[in-house]
Number of protein chains: 2
Amino acid sequence: MLTDRQSAILGMVVDEYIETAEPVSSRALVDRHRLEISSATIRNEMARLEREGYITHPYTSAGRIPSDMGYRFYVEALMAEDPVALDERRTVEHQLHQVAGGLDEWLSLTATILSSLVGNVAVVTRPRTSTARLRHAQLVELSRDTALLVCVMDDGRVRQRILQHRQPVTQDALNARATRLNGLLAGADAANVRDRLVGLEDPDEVATARAVAESIEELRIAEETFLDGLNNALRQPEFSDVDRMLEAVAQLQAYRLRGLLESTVDGGTGTTRVIIGQENPDTGLHDWSVVVSRYGDTDAAGVVAVIGPTRMAYQRTIPRVRYIASLMGQLLHDVRQ
Amino acid sequence: MLTDRQSAILGMVVDEYIETAEPVSSRALVDRHRLEISSATIRNEMARLEREGYITHPYTSAGRIPSDMGYRFYVEALMAEDPVALDERRTVEHQLHQVAGGLDEWLSLTATILSSLVGNVAVVTRPRTSTARLRHAQLVELSRDTALLVCVMDDGRVRQRILQHRQPVTQDALNARATRLNGLLAGADAANVRDRLVGLEDPDEVATARAVAESIEELRIAEETFLDGLNNALRQPEFSDVDRMLEAVAQLQAYRLRGLLESTVDGGTGTTRVIIGQENPDTGLHDWSVVVSRYGDTDAAGVVAVIGPTRMAYQRTIPRVRYIASLMGQLLHDVRQ
DNA sequence: ATTAGCACTCTCATGGTGAGAGTGCTAACG
DNA sequence: CGTTAGCACTCTCACCATGAGAGTGCTAAT
């Protein structure tokens, strides 16, 4: 158990290190905070904190840096969250309302905004509906024997696909076919779409129906992620050597994150979780921290996350991830009603 | 004017430097190519080549590296193109035919494939139709007073947009409205769409029509670029220090490229152009070379490009960019017929 | 319990040094 | 005259030594 003074010192070390990215010396703490106690006392306390595992030092005569455990304690017990200021909120909401396009543009813009808000990489996944249903399929003639199939799901997602027909068809015939298929398949989800395909005769029509079914299934699987802010993250001093930087670029490829985010989100809705360094099951991310929050409701849920070095401004990041997540939840709710 | 022997030496220097990324010494050339002449003779010739501006050396006693002019001469007169092997073609075509999705997926996959083919950054722009016309607009109910507008253009591009209505509407009413608007606007392009909006009464219908018009214009402007292979490019030895690497990341933001690619493409169709280092009007790209090729025809054209350090394997890159461009042209033609 | 004082450790910037790589020039050669 | 051997010269780069500086840990005094 830490004494009050030890907690206070740990807090100062973490704050200082997050700000400067330099190991924190006993002297620096006394000077910076005009402490009543001497640097020698601080040294004694620091030695104890190190024995307990909250801090380390890179070599004998360097200052202290927080360990993962130190950050963990800081996040849980010490940190004073830096609330999202009113003008920050206004800017964000203003930017988000500018977008007239579809869901994709919202998500992509959200990643950009969040990333610039916290100065690290931001990831937003597309909301995954528990059961997305087909709202409408449409066929548009492209040439005599090719057509574009557009499937619109009830969560607003759209999937396009190009079809090759055996028989030439007109737009009128395509409309008729679309109407028939909509009657047959409207409201179908990935689980039951196959059962509804019975009773079709024309081979082109069967192929089209199958394409619709495949589209629905692809959309069920596809949890696209929108990522932005690589530049921000790479400017952090921890990547000041080339190997680390290349590794960072590799680690941040979106596909590595999906599993992590999914498993994290199972915890519960609405909460914001922080995963620090070694706590991460993926060993490649042992130098990284992830702040992740779920947004949406039981019908459609996705995640918002920020990823950066363990030396991350948790005070700023956590409230901002939470804020963006709740904002996304609202917007999603407004659209779906 | 260069003698045959000077040309040969220049060719060897460029080849060697492209391969090893190390300045090429007179000695190394003699050894590597088992030349009949001595290294002293090579030195004399190299001195002359340097006086003419084809090569330089970084400091007094280093080997030679090609100048931009040297690369230029190499590309125009010396280089033996490395043809795209049959199994390379087969792999590429196989991968491309895997994609069942829309144009976007094609383009994005093409960038990925090309990038891995040449080990540098690849950029593919969306084909821009001279005049894209509206083929079909569709309205899908999302909630009582919101609807999704989907505009499909005759080149297969799709734009979605969410509409807020003043009056609640049913899907049936939306269908009727879509039919009316299609009658009014089908075949409209960005130039004439405004003129066709006359005679509409219902304010929601006017708003919808205006949204269609805006979508068409946005699509005219939006020339999206698909970029891949940052990792590949960053592994080149020229980026072995952090500043250069960060700068590289910044330079390769897609938006910087658009102007360059567009202006380049004006030259003519079907040809592949190479822009080497300082030849580039954008000073930020003075250390980069660009190999760019147009694809498509007068109706719909885009560009395929590879971007990398001036020390680029032009022999491999140029034929592969040309090949991918012609392949894209074919595929585009097949779809549009 | 706190703290002044000091020895000790480790890093990092600096400068010197010498090996090595390569060139340019000169003089000799066919 | 073109070619080439030989050599002086230049520049880089890796290596090492050095010393200042930063910080700690410990001891002994308060």
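Heavy atoms only: backbone and side chains are in, while hydrogens, waters and symmetry mates are out.
Following rounding to the nearest Å, B:Ile42 (CD1) and C:dG22 (P) show an atom-to-atom distance of 14 Å. A:Ile37 has its CD1 atom 7 Å from the P atom of C:dT3, to the nearest Å. The CZ-P distance, from B:Arg48 to D:dG2, rounds to 8 Å in whole Å. Atoms CG (A:Leu29) and P (D:dA22) sit 16 Å apart, rounded to a whole Å. If you take NE2 of B:His57 and C1' of C:dA21, they are 12 Å apart, rounded to a whole angstrom. Between the P atom of C:dG22 and the CZ atom of B:Arg32 lies a distance of 13 Å, rounded to the nearest Å. B:Gln6 places its CD atom 11 Å from the P atom of D:dT3, with the value rounded to the nearest Å. The nearest whole Å value for the distance from the CZ atom in A:Arg43 to the C1' atom in C:dC8 is 13 Å.
Of the charged side-chain nitrogens involved, at least one lies within less than 4.0 Å of a carboxylate oxygen, so that B:Glu279 and B:Arg72 count as a salt-bridged pair.
Comparing A:Ala47 and B:Tyr59 by the nucleotide of DNA chain D whose heavy atom lies nearest to each, the residue mapping closer to the 5' end is B:Tyr59.
Within the 4.0 Å cut-off from OP1 or OP2 of D:dG25, at least one side-chain nitrogen or oxygen of A:Arg64 is found. The phosphate of C:dT3 has OP1 or OP2 within less than 4.0 Å of a side-chain N or O from A:Ser38. In terms of phosphate contacts, A:Thr41 brings no side-chain nitrogen or oxygen within less than 4.0 Å of OP1 or OP2 of C:dT2. The phosphate of D:dT3 has OP1 or OP2 within less than 4.0 Å of a side-chain N or O from B:Arg5.
Side-chain N/O atoms of A:Gln6 and A:Glu45 include a donor and acceptor closer than 3.5 Å.
Within the 4.0 angstrom heavy-atom criterion, only backbone atoms of the sugar-phosphate kind lie near B:Thr60; the bases stay farther away. Residue A:Ser26 is in sugar-phosphate contact alone, with no base atom involved, counting any heavy-atom pair closer than 4.0 Å across all strands shown.
No donor-acceptor pair under 3.5 Å is formed between the side chain of B:Thr272 and the backbone N or O of B:Val292.
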Walk me through whether B:Thr271 and B:Arg322 qualify under side-chain contact (heavy atoms from CB on, under 4.5 Å).
CA-CA 8 Å; B:Thr271 55; B:Arg322 189 187 296 129; over 6 Å; no
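Remark: the A:Ser61 side chain and the D:dA22 base include a donor-acceptor N/O pair separated by less than 3.5 Å. Applying the 3.5 Å distance criterion, the base of D:dG23 shares no donor-acceptor pair with the side chain of A:Arg27.
Rounding to the nearest 0.5 Å gives a distance of 10.5 Å between CD of A:Gln278 and OG of A:Ser289.
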